[in-house]
Amino acid sequence: MAMGRTLTSLVLLFASIRLGDASSHAHRESHDVSKTRVGSRVSAGEPVSAQEGDVAAGILRRLSASDYSGASKSLSELEPWQLILSTLLVLVLGSLAAGAGVGGGGLFVPIYWLILDAGPKGAVPLSKATILGGAIGNFVSIGFQRHPNANRPMIDYEASTFMQSGELLGVVFGVLLNMLLPPIFIIVFLIIILSYNTVGTLKKGFSTRAKENVALVKARDVPAPKLDSMPVSEENDDAHPSPREEEAGEEPVEAGEEPVEAGEKPPEVVSAELQAILDADAKQFPLWAWSLLLPMTLYTIGYAIIKKEVLDRCEPIGYWIWYLTPIPVLGGIMVLTAWLLRKKHEQRIMADYQFLPEDMQWTQQMLSKFPKVALLAGVTAGLLGIGGGMVIGPLFLQIGMQAQVGTSSCAFMILFTALSGVVQYVAAGYLGWELALWCIGFGFISGQIGQRAVNKILKMTGRPSYVIFLLAAIIGLACVSMTVAGVAKIAVDVVDNGKTVADIFEFSTEDFECPGR
């Protein structure tokens, strides 16, 4: 109860500076003075009267709206300052999230909840629409970029496709836990997991920065060759690899390294098998990956719509049979992806493929470990009600992916999950077209700003560690933001909806029960 009173006071303080929240201008004028007084007295720790408590209850009722009507408003129903302030915050935070390769849903929900008065439920579809716009903006940039160290796309399609199927399957079970567990448990899990990811990502950032410092020192210590006195020789020609050598991943002879001995030449002829592998890897949009990703997305959309709009919980057999269909469908796609990646790895080994240090090698050990990681990421995302980016992004970095490739691959995966979520909300009538287009549009702009800013910084500094630090900052900020929002929702339930402390710790089966019983 003490926590509830504290958050009620904070809400009152926030309300004391708000305008346009009453039904008419005259009603606002009559309460402005009293609200200001309440805010000042609350901030001083003084008690409020019963009448002022009624004002607080009205505010809390609005904040605890139990439907999605807030996401279906027209733009004309909103005050100009609400649109301007929320849009500015979305542009700033969305740009940072896009640069870090995450969706930013943990940052957008409180903005739409508190500033646009969408309520805790209505804020979710608006957040999904914003994430979709940002993901489209991201893909416009990263979809056509090339790997910084190899002749292939920036997006790791192999890891993304494998992770996507496992994550979507894990989300099904995560959502089950979310509906069963008490809200206080979910908040505790959220704090633990996102705090852990924040600390782990920071450690990865510092270790990456240390390696960058060593590389920069070595680069400064290597004397530059004098062009006017450099003879044209076979050794110097070898220092500039041919296009075929670059595609094969062979390291060029740098200044200061031992030259090729007389009579020895680096291999210039690439086998037909290796060339076929290199050509397949170089494709910007590999058909095999898209032929798996698109059906997964379409199935996920259809699965959710049928489960919600067609099936009846009062007929549990059909409902639960359909509920568990992701296991054979998404699980089957995950097994198929693992088989394809194993065949690819075997072909690369046979062709003497030169792997980069940060490349994913699909050994039997990795193929056994990766699905578990993907499922865990999906369960975590579904349980906490967040996008997978704040879980998958750090995971990609921990398994050794190059920073820019990891964040780009994570951002690419968000495109499909966000599209699925928005289509489901629109089909259910929970998202109005005006706010949907508004959120998607400014989300797109934020995605473009974020990607362009990160690319410019990386070109200027050559330090991928900046991307890792940005990711850690976004996860930490989202942890704080979502914790505050979750605690505020619990306080609203206690103060305004009459729930007791015991109710906060109660497991719920309401979402699985027949509504008529």
- Task: Check whether any side-chain heavy atom of Tyr303 sits under 4.5 Å from a side-chain heavy atom of Val329, and report yes or no.
- Result: no
- Query: Which one of Thr417, Leu292, Ile333 satisfies the side chain to side chain contact (heavy atoms under 4.5 Å, CB included) criterion with Gln164?
  - Reply: Thr417
- Measure the acute angle between the ring planes of Tyr323 and Trp320, then classify it against the limits of 30° and 60° as parallel, tilted or perpendicular. tilted
- Hey, mind stepping through Met401 and Thr407 against side-chain contact (heavy atoms from CB on, under 4.5 Å) and telling me if it holds? CA-CA 9 Å; Met401 269 195 186; Thr407 55; over 6 Å; no
- Any Ser72 side-chain heavy atom under 4.5 Å of Leu431 side chain: no
- How far apart are the closest heavy atoms of Gly143 and Ile155, and which atoms are they? CA-CD1, 4.2 Å
- Message: To the closest 0.5 Å, what do you measure between CE (Met482) and CD1 (Ile187)?
- Response: 9.5 Å
- Item | Exercise: do Gln82 and Ser86 side chains pair donor with acceptor under 3.5 Å | no
- Task: Could you list the residues that satisfy ring-ring contact (aromatic ring centres under 6.0 Å, His included) with Phe396, not counting sequence neighbours?
- Result: none
- Scanning both residues in full, the closest heavy-atom pair of Thr198 with Ala472 reads CG2-O, 3.6 Å
- Flag for Gln448-Ser141: side-chain donor and acceptor within less than 3.5 Å: yes
- Item | Pairwise side-chain contact, Pro153 with Gln145, heavy-atom cut-off 4.5 Å (strictly under) | no
- Answer whether the closest heavy-atom distance between the side chains of Ser74 and Glu77 falls below 4.5 Å. yes
- Message: Go through it in stages, so that I can follow the logic: the residues are His147 and Gln404, the test is side-chain contact (heavy atoms from CB on, under 4.5 Å), and I'd like the CA-CA distance, side-chain angles, deciding distance and then a yes or no.
- Response: CA-CA 9 Å; His147 193 290; Gln404 199 175 359; over 6 Å; no
- Drop me the distance from Asn197's CG to Leu471's CG, to the nearest 0.5 angstrom. 8.5 Å
- Task: Find out whether Lys73 and Asp117 are in side-chain contact, i.e. whether some heavy atom of one side chain is under 4.5 Å from a heavy atom of the other.
- Result: yes
- Note on the structure: Rounding to 0.5 Å, atoms CG (Leu293) and CH2 (Trp288) come to a distance of 8.0 Å
- Task: Using atom types as modelled and distance alone, determine if a side-chain donor or acceptor of Glu309 lies under 3.5 Å from a backbone N or O of Ile306.
- Result: no
- Any donor-acceptor pair under 3.5 Å from Ser481 side chain to Leu477 backbone: no
- Item | Sidechain-backbone polar pair: Gln424 side chain, Ala304 backbone, donor-acceptor under 3.5 Å | no
- Sub-3.5 Å donor-acceptor pair from the side chain of Ser420 to the main-chain atoms of Phe416, do we have one? no
- Query: Are any side-chain N or O atoms of Ser446 and backbone N or O atoms of Gly443, one a donor and one an acceptor, separated by less than 3.5 Å?
  - Reply: yes
- Item | Exercise: identify the closest heavy-atom pair between Leu169 and Pro326 | CD1-O, 3.4 Å
- Ring geometry between Tyr299 and Trp322 (parallel below 30°, tilted from 30 to 60°, perpendicular above 60°): tilted
- Message: Check the orientation of Phe139 and Trp290. Use parallel for under 30°, tilted for 30 to 60°, and perpendicular for over 60°.
- Response: perpendicular
- Worked check of side-chain contact (heavy atoms from CB on, under 4.5 Å) between Phe144 and Phe285: CA-CA 9 Å; Phe144 298 90; Phe285 305 102; 3.6 Å; yes
- CD1 of Ile414 to CD1 of Ile136: how many Å apart, nearest 0.5 Å? 13.0 Å
- Would you tell me whether Tyr157 and Ser409 have side-chain atoms, one donor and one acceptor, within less than 3.5 Å of each other? no
- Message: I'd like to know if the side chain of Glu79 and the backbone of Trp81 have a donor-acceptor N/O pair within less than 3.5 Å.
- Response: no
- Message: Applying ring-ring contact (aromatic ring centres under 6.0 Å, His included), can you list everything that pairs with Tyr112, at least two apart in sequence or on another chain?
- Response: none
- Query: Does any non-hydrogen side-chain atom of Leu202 lie less than 4.5 Å from one of Phe469?
  - Reply: yes
- Note on the structure: In this structure, CE of Met154 is separated from CG of Asn455 (nearest 0.5 Å) by 7.0 Å
- Task: Go through the steps for Val379 and Val171 under the test side-chain contact (heavy atoms from CB on, under 4.5 Å), then give the verdict.
- Result: CA-CA 5 Å; Val379 170; Val171 165; over 6 Å; no
- Message: Looking at every non-hydrogen atom in both residues, tell me the closest pair between Leu194 and Ile475 and how far apart they are.
- Response: O-CG2, 3.6 Å
- Message: Contact between Trp438 and Leu83 at the side-chain level, heavy atoms closer than 4.5 Å - yes or no?
- Response: yes
- What's the shortest heavy-atom distance between Phe108 and Gly94, and which atoms? CZ-CA, 3.7 Å
- Of all the heavy-atom pairs spanning Ala100 and Ile474, show the shortest one and how long it is. CB-CG1, 4.2 Å
- Item | Reported OH-to-NZ distance for the pair Tyr319 and Lys307, which is rounded to 0.5 angstrom | 4.5 Å
- Message: Test your reading of the model: is there a side-chain donor-acceptor pair from Gln451 to the backbone of Gly99, 3.5 Å cut-off?
- Response: no
- Does Ser160 reach the main-chain N or O of Asp156 with its side chain, forming a donor-acceptor pair under 3.5 Å? yes
- Item | Within-4.5 Å side-chain heavy-atom neighbours: Leu458 and Val467 | yes
- Query: Taking the side chain from Gln402 and the backbone from Val405, do they hold a donor-acceptor pair closer than 3.5 Å?
  - Reply: yes
